[in-house]
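Read through the structure below, which is laid out as structure tokens, and then see the notes.
Within every chain, numbering begins at 1; the chains are lettered A, B, ... in the order of the sequence lines, protein sequences first and strands thereafter. Keep in mind that the numbers below use all heavy atoms, side chains included, and drop hydrogens, waters and symmetry copies. In this text, all values refer to a predicted model and were calculated from it rather than measured experimentally.
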Protein chains: 2
Amino acid sequence: MGRKAQFTKNQFVDAALKLAAEQGPGAITMGSIAGQINAPIGSVYHRFASREILLAELWLRLVESFQQGFLEALDQGDGLQAALHTLNWVRKHPNEGRVLLLYRREELTSGEWPDEIKERARQLTQELDKGLRKFTRRLFGRVTKKSLIRITFTLIDVPYAAVRRHLQAGRLPPVSVDELVRKTYLAILGRYL
Amino acid sequence: MGRKAQFTKNQFVDAALKLAAEQGPGAITMGSIAGQINAPIGSVYHRFASREILLAELWLRLVESFQQGFLEALDQGDGLQAALHTLNWVRKHPNEGRVLLLYRREELTSGEWPDEIKERARQLTQELDKGLRKFTRRLFGRVTKKSLIRITFTLIDVPYAAVRRHLQAGRLPPVSVDELVRKTYLAILGRYL
DNA sequence: CCCATATTAGAATATGTATTCTAATATAAG
DNA sequence: CTTATATTAGAATACATATTCTAATATGGG
């Protein structure tokens with residue numbers, strides 16, 4: 001049944017990731033994706049109905065990759081580990097890190113998503129929300145808007161801030177930022193440990 | 001001499017700012033800028049040699065606006081005030097804040113800049129760098145790479161992190177974030193006060 | 001060996017938008 | 001009143017890139 005495939009979905013997504021990490025999302029065109037692995041443009045469209053969908057796939061992959069370890073740490077009640085996860089993840093996945101942390105979702109893919117993809121995205125968001133709420137309850141006893149902001153700030157926003165500038169400059173975050181994240185964590189949530 | 005002008009440079013830049021703040025940088029086209037104030041496209045080009053240059057102008061305006069108050073606080077040796085300046089500035093200038101803090105420079109204007117603009121940008125960067133170094137020396141006695149990272153993290157990156165999520169959601173940062181920035185400041189730099 | 005079909009191949013088309021160009025218009029200066 | 005010119009006006013053009021289309025090609029099943 002049919003010719004043997006020469007290019008897989010993953011190869012195209014990988015190519016897009018590489019382009020985005022090295023030259024920014026603007027460099028991702030259907031032509032450049034194909035060119036990256038010497039595929040014809042037709043083959044890209046054979047795998048993905050549109051550019052939007054290919055990029056949505058890439059985005060989901062990044063979020064899933066990041067979120068897994070983050071939620072694992074959270075689930076074990078280890079908030080500091082969760083906060084440091086951003087740093088470790090970025091160091092282990094530099095390209096993924098650059099794209100997920102340097103660009104907004106809308107910069108990659110801003111059009112309409114098909115239902116299947118919307119559903120996967122919704123699920124990821126919900127998982128994260130659930131994990132954060134559970135951890136908040138564990139720490140504070142209850143979940144208020146303010147306590148959620150506090151937790152989100154400490155576990156997500158601050159690590160992100162600590163890393164962004166270095167990714168922007170094309171480097172990995174230096175070891176000294178770990179200490180900054182740790183200190184901030186203790187300052188904001190320390191008394192609840 | 002010549003016909004009386006109906007549209008000024010500033011009007012076009014304002015229009016671009018409004019578009020970016022409300023619909024993202026992608027919504028800034030020469031047509032939409034003109035449309036925003038019912039001007040003909042030709043008039044935009046009469047004021048700006050290119051889209052790039054118009055957007056560079058916008059970007060410089062944002063940075064200048066933000067940086068002024070920040071450097072004033074720094075100059076007075078008031079680091080906490082400098083850290084809180086991001087919050088105050090964003091609340092006072094919501095549109096400017098959204099665009100400066102939600103999008104990267106390259107997302108607005110990524111092409112080549114003429115020398116005059118490059119020079120203004122260089123000067124702004126240098127001013128900031130100088131202010132940060134001066135403050136670092138004042139606080140630590142000397143300026144090392146690590147101490148600069150520490151200062152930058154506390155005065156710029158953390159306030160940015162505290163604000164970003166709320167701007168992204170289309171709101172101004174709630175008052176509770178001030179406390180988070182203050183706590184972080186004290187945790188990281190408090191002992192040097 | 002033949003067929004159905006998954007895949008490659010890339011040329012043709014569509015579209016959105018920046019930029020250029022030509023003409024019309026108003027105003028100040030003399 | 002005439003003229004020079006800054007500005008408006010918007011149509012024509014250029015260009016990049018997503019998408020579509022038609023044809024060729026290989027491969028497993030019968």
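- Under 4.0 Å is where a charged nitrogen must lie from a carboxylate oxygen, and between B:Glu22 and B:Arg98 no such pair does.
- Closest approach to the B:Met30 side chain among D:dA18, C:dT25, C:dT19 is made by C:dT19 (side chain taken as heavy atoms from C-beta onward).
- One atom, NZ of A:Lys9, and another, P of C:dA6, lie 15 Å apart when rounded to the nearest Å.
- The side chain of A:Pro40 sits closest to C:dT8 out of D:dT27, C:dT8, C:dA18.
- The shortest heavy-atom contact between B:Ser147 and B:Thr136 is OG-CG2, 3.4 Å.
- In the set D:dA9, C:dT19, D:dT17, C:dT19 carries the atom at the smallest distance from any side-chain atom of B:Arg51.
- Between B:Phe48 atom CZ and C:dT17 atom P the separation is 20 Å, expressed in whole Å.
- When rounded to the nearest whole Å, the span between CG of B:Asn38 and P of D:dG10 equals 10 Å.
- If you find the closest nucleotide of DNA chain C to B:Gly26 and to A:Gly2, the one lying nearer the 5' end belongs to A:Gly2.
- The side chain of B:Thr29 sits closest to C:dT17 out of D:dA24, C:dT17, D:dA18.
- Among the heavy atoms of the strands lying under 4.0 Å from A:Phe7 are primed sugar atoms or P, OP1, OP2 only; no base atom is included.
- Ring geometry, B:Phe48 versus B:Phe12: the interplanar angle exceeds 60°, so the pair is classed perpendicular (tilted spans 30 to 60°).
- Atoms CZ (B:Arg3) and P (D:dT7) sit 10 Å apart, rounded to a whole Å.
- Atom NZ of A:Lys18 sits in a sparse spot, with 12 or fewer heavy atoms from other residues, nucleotides or ligands closer than 6.0 Å.
- For the pair A:Ser43 and C:dT8, the criterion of a side-chain N or O lying under 4.0 Å from OP1 or OP2 is met.
- Using a 4.0 Å cut-off between a side-chain N of Lys or Arg and a carboxylate O of Asp or Glu, A:Glu57 and A:Arg61 do not qualify as a salt bridge.
- Side chain of A:Lys4, nearest nucleotide from C:dT8, D:dG28, D:dT19: D:dG28.
- One interatomic measurement links the two molecules: NE2 of B:His46 to P of C:dT25, which rounds to 17 Å at whole-angstrom precision.
- Under 4.0 angstrom from either OP1 or OP2 of D:dT7 there lies at least one side-chain N or O belonging to B:Arg47.
- When each of D:dA18, C:dT19, C:dA6 is scored by its nearest atom to the side-chain atoms of B:Ser50, the top-ranked nucleotide is C:dT19.
- In this entry the distance linking OH of A:Tyr45 with C1' of C:dA11 reads 14 Å, nearest Å.
- Between the CD atom of A:Glu52 and the P atom of D:dT17 there is a distance of 16 Å, rounded to whole Å.
- Rounded to an integer number of Å, the gap from CD1 of A:Ile41 to P of D:dC21 is 16 Å.
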